[in-house]
Amino acid sequence: MTDTIFALSSGPPPAGIAVIRISGPQAHAALTALTGKLPTPRRATLATLADPQDGTHLDRTMVLWLPGPGTATGEDSAELHLHGGRAVVAAVEAALAHIPGLRRAQPGEFTRRAFANGRIDLAEAEGLADLLSAETELQRRTALAMAEGVLSREVESWRTTLLQLSARLEAALDFSDEDDVGEGDATLPTGFTAGCTTLAQSLESWLTRPRAEPLKHGFRVVLAGPPNAGKSTLFNALVEQEAAITAAEPGTTRDVLTHACALDGVPFVFVDTAGLRDEGAGEIERIGIARARAAAEKADLILWLGPEGEGPDGRPLWEVSARADDPATPHKSAKAIHLSAQTGEGLPALRTALINHARQSLPAPGQAALNQRQHTLLSDVVQSLRHATTESDPLLAAENLRLARRALDALIGRTSTEDMLDTLFGKFCIGK
């Protein structure tokens, strides 16, 4: 990485302060070109910025000179804390662009350099990406735990234990004729199986934790049932908006409607679906019904507004009578939730029940949670450890430990493909 990059790392102007970050081997030259001298390291300094090309006055502001490697990116860095007007930011960026060796940063490039220079690992970078996109307090606290290295420290501990197991096994293979390191070339070291089992159990405790996806994307609640069951009215009441069209005509809802919101800090995605029926639906409504069934298969929870006992199988389901104020509504058992989506009767109790149920399915506040990639790799580690305990041949056991180490290394980015890194860091904003 020989280029020096720069970008606006604060919010878009106008703003009270606009921060431009510079990182790379020419950071000191860029700061000197703008201010005329290099400030004292790591001390905020008042300076006048001038365009190196013609000496045009740009701004009088605070600057920071941060020599590497003790910086966010691990490189020489500088920060310009400008007055936050659009014209000021544009003028300074134009001046930087004309300095030899400097260019505008790509999305996520600062964080990618931090990863490449060992300032953060891949799990921490993923946590940082989630932190930047967090919209609720629960999302923020979980993402912060990952960004601050809660999982990474566990991985390092697991890796140390795995290396110790591997070293004992290699000693048994290399020096099987020596009594102090093994019991023979066809025998596993004493305690090897127990050590692998204990480590696997430690990893499995993480695999059983609530996952990151429902927290990141929202706990998905799908409203399903036949036409005119009150789904759209309940949907609007839950999201507190007239998001769905309601009418007495069957088949009014013909597509899947989604709305994300937070209830008491818990992220939800509510999904309104077409009424399910086998007869009387036109071509467009049939497409909507097919999409409704597909949505139900992806639900974290289904609110079933149809006949008792006829809801979709395979997903958690609550039976709801959303027209408890209508005497014509068929009676449901006491197990069903009775409310009136029209008058609001019973809605607070439903919201409270949804919040409590979702919290049980989501990570606890501040608890690190695995995403799909991390869960898959950690599952691979456990599988390799379990296989190692079933082997009587030390060579095969050693191969399983090697596979376990490789999966752990991939989890924190010691071995990663460029395509995967491009996908991750491309999600970051320009100045991060």
Side-chain angles (χ1 to χ4, degrees), residues 1 73-74 107-133 142-167 169-170 195-213 215-216 363 367-391 395-428 432:
M1 297 182 182
T73 61
E109 192 166 5
F110 286 95
T111 307
R112 184 159 186 168
R113 290 188 176 204
F115 167 73
N117 292 325
R119 300 298 293 176
I120 60 174
D121 62 36
L122 191 56
E124 291 168 328
E126 288 174 309
L128 180 57
D130 290 341
L131 185 62
L132 293 173
S133 62
T142 299
L144 189 61
M146 295 294 285
E148 291 182 341
V150 171
L151 174 61
S152 301
R153 289 189 291 273
E154 288 284 353
V155 171
E156 288 298 338
S157 174
W158 295 331
R159 192 173 187 274
T160 298
T161 302
L162 192 53
L163 287 171
Q164 291 171 348
L165 289 168
S166 297
L169 193 56
E170 294 296 335
C196 289
T197 300
T198 300
L199 181 57
Q201 290 172 342
S202 177
L203 271 66
E204 285 171 338
S205 69
W206 274 73
L207 293 175
T208 58
R209 288 185 177 189
R211 295 279 296 280
E213 282 78 14
L215 177 61
K216 182 177 180 180
Q367 181 187 58
L370 301 175
N371 61 29
Q372 178 63 54
R373 185 192 73 86
Q374 295 160 350
H375 192 276
T376 298
L377 288 169
L378 210 55
S379 297
D380 291 343
V381 178
V382 170
Q383 185 179 39
S384 295
L385 286 169
R386 292 298 186 189
H387 285 168
T389 64
T390 64
E391 297 292 350
L395 285 173
L396 295 177
E399 173 62 14
N400 278 294
L401 293 192
R402 185 190 69 80
L403 294 175
R405 291 197 307 274
R406 187 171 70 177
L408 274 185
D409 287 346
L411 198 152
I412 57 175
R414 281 195 173 96
T415 56
S416 303
T417 66
E418 287 299 310
D419 287 345
M420 188 272 290
L421 295 177
D422 289 343
T423 299
L424 170 63
F425 293 112
K427 297 177 181 178
F428 284 74
K432 196 63 180 174

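Given the structure is predicted, the values throughout are model-derived calculations rather than measurements.
Side chains of V155 and R414 form no contact here, defined as non-hydrogen atoms less than 4.5 Å apart. With a 4.5 Å cut-off on side-chain heavy atoms, Q374 and E126 count as touching. Residues V381 and L199 fail the side-chain proximity criterion, which asks for heavy atoms closer than 4.5 Å. L411 is not listed as a side-chain neighbour of W158, based on a closest heavy-atom distance of 4.5 Å or more. At least one side-chain heavy atom of R405 sits under 4.5 Å from a side-chain heavy atom of L163.
Between A407 and L377, the shortest heavy-atom contact is CB-O, 3.7 Å. Heavy-atom minimum distance, A145 versus A368: CB-N, 4.1 Å. Residue I120 comes nearest to A125 through the heavy atom pair CD1-CB, 3.8 Å, listed as atom of the first residue, atom of the second, then distance. Across every non-hydrogen atom of F110 and T73, the tightest pair is O-CG2, 3.5 Å. Across L370 and E213, no two heavy atoms sit closer than the pair O-OE1, 4.1 Å.
A distance of 11.5 Å separates CG in L403 from CG in L408, rounded to the nearest 0.5 Å. We find the OG1-CG distance between T161 and L385 to be 10.0 Å, quoted to the nearest 0.5 Å. Between S202 atom OG and L207 atom CG the span is 10.0 Å, to the nearest 0.5 Å. Between E154 atom CD and S152 atom OG the span is 10.0 Å, to the nearest 0.5 Å. Here L122 contributes atom CG and D409 contributes atom CG; the two are 11.5 Å apart, rounded to the nearest 0.5 Å. The structure places CZ of R211 at 4.5 Å from CD of Q372, a figure rounded to the nearest 0.5 Å.
A salt bridge links R402 with E399: the distance from a Lys NZ or Arg NE/NH1/NH2 to an Asp or Glu carboxylate oxygen falls below 4.0 Å.
Applying the side chain to side chain donor-acceptor pair (under 3.5 Å) rule to D130 yields the partners K216; only residues at least two apart in sequence or on another chain are considered.
The closest donor-acceptor contact from the side chain of N117 to the backbone of R119 lies at 3.5 Å or more, if one exists at all. For T198 (side chain) and G195 (main-chain N/O), no donor-acceptor pair under 3.5 Å exists by modelled atom type.
The salt bridge (Lys or Arg N to Asp or Glu O under 4.0 Å) analysis of residues 142-153, with sequence neighbours excluded, yields no pairs. The stretch residues 379-390 participates, sequence neighbours left out, in these side chain to side chain donor-acceptor pair (under 3.5 Å) pairs: E204-R386.
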